[in-house]
Amino acid sequence: MRRAIDRRGRTLLVYFIVLLGFGLGISEVAAHSRLVKSEPSARAVLDTAPKVLKLWFNENVEPAFAKVWIVPAGGAQIPLTSHGDSSDPRLLIISLPDNLPPGPVNIGYHVLSVDGHVVDDKLTFTVKKPA
């Protein structure tokens with residue numbers, strides 16, 4: 001009787017370890033690229049308009065396939081130019097126009113990571129009106 005319990009216990013332990021391994025493997029496969037940091041940060045309120053926007057992702061990105069734009073309150077999207085950084089393959093640097101008006105600045109982006117995952121999202125920061 002005791003052998004049967006020990007055998008069942010070992011069998012359950014093996015099943016548990018196998019299932020845990022599959023669970024960990026699936027979570028890694030299900031992980032997607034995502035924005036981890038931006039400069040200026042999302043929802044920041046700035047005294048002056050920045051010249052560049054920097055976006056850091058959790059995975060390396062393909063700068064050649066990145067699309068970034070300003071989403072104005074009314075009218076068509078304004079495309080922006082971007083490039084990568086040779087010292088950090090997870091960083092995308094976006095040039096912002098010199099004439100950013102005060103108020104909310106809504107940025108949309110579509111970025112391809114090197115593993116083929118696409119990140120589509122937006123972030124907003126605000127430029128204060130001059131005092």
Look at the side-chain heavy atoms of Ile, Leu, Val, Met, Phe, Trp and Tyr, link any pair under 4.5 Å apart, and say whether [X] and [Y] land in one connected group.
| X | Y | value |
| --- | --- | --- |
| Val52 | Trp56 | yes |
| Leu53 | Phe65 | no |
| Leu96 | Ile93 | no |
| Leu112 | Phe57 | no |
| Phe125 | Leu91 | no |

Using 0.5 Å steps for rounding, measure from the [atom1] atom of [X] to the [atom2] atom of [Y].
| X | Y | atom1 | atom2 | value |
| --- | --- | --- | --- | --- |
| Trp69 | Ile78 | CH2 | CD1 | 13.0 Å |
| Lys122 | Ile107 | NZ | CD1 | 11.5 Å |
| His110 | Asp121 | NE2 | CG | 12.5 Å |
| Lys67 | Ser82 | NZ | OG | 9.0 Å |

Nearest atoms (heavy-atom pairs only) where [X] meets [Y]:
| X | Y | result |
| --- | --- | --- |
| Leu80 | Pro97 | CD2-CD, 3.8 Å |
| Arg34 | Asn58 | N-OD1, 2.7 Å |
| Pro101 | Val127 | O-CB, 4.2 Å |

Would you call [X] and [Y] a side-chain contact if the rule is heavy atoms closer than 4.5 Å?
| X | Y | value |
| --- | --- | --- |
| Leu100 | Ile70 | yes |
| Pro130 | Pro102 | yes |
| Tyr109 | Leu35 | yes |
| Val61 | Ser33 | no |
| Glu59 | Val114 | no |
| Leu55 | Ile94 | yes |

Listing request: all salt bridge (Lys or Arg N to Asp or Glu O under 4.0 Å) pairs with a residue in residues 92-112, at least two apart in sequence or in separate chains.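 Passing the test, one end in residues 92-112: Lys51-Asp98.
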
